[in-house]
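Here is the structure we will look at, set down as structure tokens.
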Amino acid sequence: SSGLISAGGGARRGLPVRLMVRPLESSPFAREARAAFEYSISNFLWKQAVFYAERLVAECPCDETTYLVALAYFHNQEHQRSRWHLQGNRLHEARYLLAQCCFALQLWEEAEDALLAPSSGMYPSASSAEVVNGASGWYLLAQVKEKQANPAQAVEYYAKCLELCPFMWEAYDRWSWLILGTPSPSRSSTSGMASSTFTDEKFAQSFANLLGASGPGASLAANGTQQQRPGAELGATGGAPRSQNAPPRNERDYGGGVRKDRRSGVGIGGRGDPKDSGPPPKRLTLGSGEGGGEGGGEVSLAQLLAKLGPALHAMHGYETSQTLALLSALPRRHYETGYVLGLVGLCLFEAADYKKAEQVFQQVWRAEPHRVEGLEWYSTALWHLHKDVELGFLAQQVLQGNRMKPQVWCVVGNCFSLQKEHDTALKFFRRALQVDPAFTYAYTLCGHEFASNDKFDKAIPMYQNALTIDPRHYNAWFGLGNIYHRQEEHENAEHHFLKALEINRNNSVLRCYLGQVLDALDKPLHALENFKLAAKGEPPNGMAYFQKARVLINLCRFEEALEALKQVRCLAPKEAQVHFLLGKVYMELKRDRNALEHFNIAMDLNRDSKDYHTIKTKIEQLKHVAELQDPEPTPPPPSEGPPAMSRRSGVGPGPDNRLELSHLLLPAGSSVGGSPHPRQQGGGRGYHAISGRPSAGGAGANPLPQWPPQGSHGAHAGYPGAGGYYR
């Protein structure tokens, strides 16, 4: 075929004209150069592969050799150069490689054109055309549609990919995430996709087709090329860059080698050896037994994915309890892998059970010290728990690994955020965006840091950027709602909290914030319903009980408010505002002895804030009432101290404790025990010292405090107040 032009019109576009001078295998030179190229490719010697591919092009210029040199350039990370050589190449494998180059260069339209087979000189739509390279071509086209903000078509193409190749797990992952964001299908109607896709029969047929595939590139494979990409109607995407428009559990490709850096520990607050953080945590138990099913027994790939698929879909719908139950049914050898344990940790994180989440992430980190997937959630769990030493040590360790992963810089940013160095934290979160501009969570973390400094004008665009990349990123919807809530734009806040709840309907923190907004909009019954739903969550949500009590007080339902406040007191025994509200409720119920008890506890815990004088006024009112009832109270014997109380816990005597009222009238400034600034209690669930900024609402003439306090960025622990941030 000497003398035939195979460039497909390339000369008219200024592209190199490829002539078939002689058959590729007709000379010893070509055979030896081809063997040298294949050896270089199979041993990851990309630069050497480029050299031998260029020799082949010089000796036998044609579509086949041009594809080989483009393939070498692609592996050598020279995408623009590879794209230039592939222009006009008619081989299907070359068109697929061209699409991969365009995807890496963010040329979405050109990537789509390369994937769609030409018909009568025009490129039809994907619905009426065959996509090159079969299932992997459909997968890449779906990724392109995601980048073009067309999720409906992306869902369609991911489903088409799974029809052709049911073991395309990444296609199922993205389909599962996106389908839950479409308005039409329900979660129950889509949950059966895994069982219908991952079957032994379909897998057997798919692998039979894969092994027997033939096409334009079959000759390349027959000649010894180890790239199985050409002509296969089924198969993986090869070097396809995975879309970063993914849910918080994405980025499952491992991150490169390890390199040391002398500056890795500079400015990080962590220190010590990993042994300093305590013994290895015990294996987490789920339900009645340990996670993971039987340890032995044969299981087919289809059977495994049929179990793992529904669990992943439930996690995408934030059905955390269902996800944990499904994952616990996996064989133990698969359950104990980093991928599955990462899902377990994420479930516990989304359920705001940060202590257990930390234990699971530690288990993952010990098993795979260089795994980066899930590090952003692990570091955020430590941030919520205020574990600055552990977070600092984690930041030091990840900086010694792959710095080209955005999760690494999110860890470092969270470390500085916990130390209240918000400007420094922003630098590292922005570094994560430089590494990967499509890493959604980094935008949200930037928004949180700006909002913590009341820079709302800079925080809002960060949240909006996150939603542009992933509209199902509920954390960004929450961030916007929280800003509008703090700016008292309650209608806007309600809209954004509802959008977040559409995505994550089981989140008790979102329910609490929506309830506060509804209460501010004078919808107390709707607010109360949301607080009740939030209080049913696990672990117990102290914020839900507290806000529920506030609404009940405003509705004059004091007995119910008292029960809710007792729940909060058990969770946060050293929270001053809880005791203050208890005192007010007891006053309304005419139980002055109990009211004085809790007012004195609140005054001791709250001595250095503005609320101190409010509490003192209440005590003076009760003292006046006591003097009217008992003008000459009998003083206690000198040998007796104050009444027996659990002063460290802040819990006073029970209602049947026979104490004189005068025993509870402690003088102003006296101590009820403990420090006036106690450390946060309650297991890191958001119970913080009062900052003295009461809200305008409340029962009676005096203001009713907001708990946790507004404006406090110390609300790091999962159930923040109006000024805290749920990360």
Side-chain angles (χ1 to χ4, degrees), residues 477-502 504-537 540-569 571-572 575 577-578 580-585 588 611 614 686-688 690-712 715 718-726:
W477 288 111
F478 163 80
L480 288 171
N482 188 39
I483 287 178
Y484 293 127
H485 178 37
R486 294 174 64 183
Q487 293 177 332
E488 298 186 0
E489 298 181 26
H490 300 304
E491 290 81 5
N492 281 338
E494 179 186 10
H495 167 74
H496 288 86
F497 288 145
L498 285 173
K499 293 290 289 185
L501 278 168
E502 287 178 9
N504 190 351
R505 58 187 178 184
N506 297 321
N507 192 296
S508 61
V509 180
L510 294 176
R511 289 282 178 193
C512 285
Y513 276 85
L514 177 61
Q516 293 181 56
V517 169
L518 292 172
D519 188 30
L521 291 172
D522 198 20
K523 300 177 182 179
L525 296 180
H526 290 87
L528 187 60
E529 183 64 27
N530 278 277
F531 292 139
K532 288 180 178 179
L533 290 173
K536 295 178 181 178
N541 188 336
M543 179 183 176
Y545 285 110
F546 184 85
Q547 297 296 343
K548 175 183 174 182
R550 291 183 66 249
V551 175
L552 290 171
I553 290 173
N554 291 336
L555 296 174
C556 299
R557 294 160 61 174
F558 299 111
E559 290 289 352
E560 296 176 63
L562 180 61
E563 293 301 317
L565 287 172
K566 287 180 178 179
Q567 294 281 349
V568 185
R569 184 185 62 182
L571 297 171
E575 176 53 55
Q577 299 197 40
V578 175
F580 178 72
L581 273 188
L582 278 168
K584 294 192 68 175
V585 170
E588 296 292 342
D611 288 332
T614 302
Y687 313 113
H688 315 287
I690 184 172
S691 68
R693 296 183 62 181
S695 66
N702 291 306
L704 184 65
Q706 178 80 17
W707 179 82
Q710 282 192 344
S712 170
Y719 300 113
Y725 298 98
Y726 176 68

* From CG (Leu565) to CZ (Phe546), nearest 0.5 Å -> 7.0 Å

* Assess whether side chain to side chain contact (heavy atoms under 4.5 Å, CB included) is satisfied between Glu494 and Leu498, documenting all intermediate values. => CA-CA 6 Å; Glu494 179 186 10; Leu498 285 173; 3.9 Å; yes

* With a 4.5 Å heavy-atom cut-off, do Val568 and Glu575 have their side chains touching? -> no

* To do: Measure across Leu582 and Arg569 and return the closest heavy-atom pair with its distance rounded to 0.1 Å.
  => CD1-CD, 4.0 Å

* Asked: What's the shortest heavy-atom distance between Val585 and Ala561, and which atoms?
  -> CG2-CB, 4.4 Å

* **ring-ring contact (aromatic ring centres under 6.0 Å, His included) partner of Tyr513, chosen from Trp477, Phe478, Phe531, Tyr484** => Phe478

* When rounded to the nearest 0.5 angstrom, what is the spacing between CG in Asn504 and CG in Asn506? -> 6.5 Å

* Heavy-atom distance under 4.5 Å between the side chains of Phe558 and Ile553, does that happen here? -> yes

* For Glu563, which residues count as a side chain to side chain donor-acceptor pair (under 3.5 Å) partner, sequence neighbours excluded? -> none

* **Inter-residue atom distance Glu489.CD - Ile483.CD1, 0.5 Å rounding** => 10.0 Å

* Of the non-hydrogen atoms in Ala535 and Ala544, which two are nearest, and what is the gap between them? -> N-CB, 3.7 Å

* Asked: Rounded to the nearest 0.5 Å, what separation is found between the NE2 atom of His496 and the CG atom of Leu514?
  -> 13.5 Å

* To do: Hey, could you give me the CG/CD distance between Asn541 and Gln547, rounded to the nearest 0.5 Å?
  => 9.5 Å

Side-chain polar contacts of residues 517-530 - donor-acceptor pairs under 3.5 angstrom, sequence neighbours left out - could you list them?
residue : atom : partner : partner atom : Å
Asn530  : OD1  : Arg511  : NH1          : 3.1
Asn530  : ND2  : His526  : O            : 3.0

* Out of curiosity, Ser508 OG to Met543 CE, how far, rounded to the nearest 0.5 Å? -> 9.5 Å

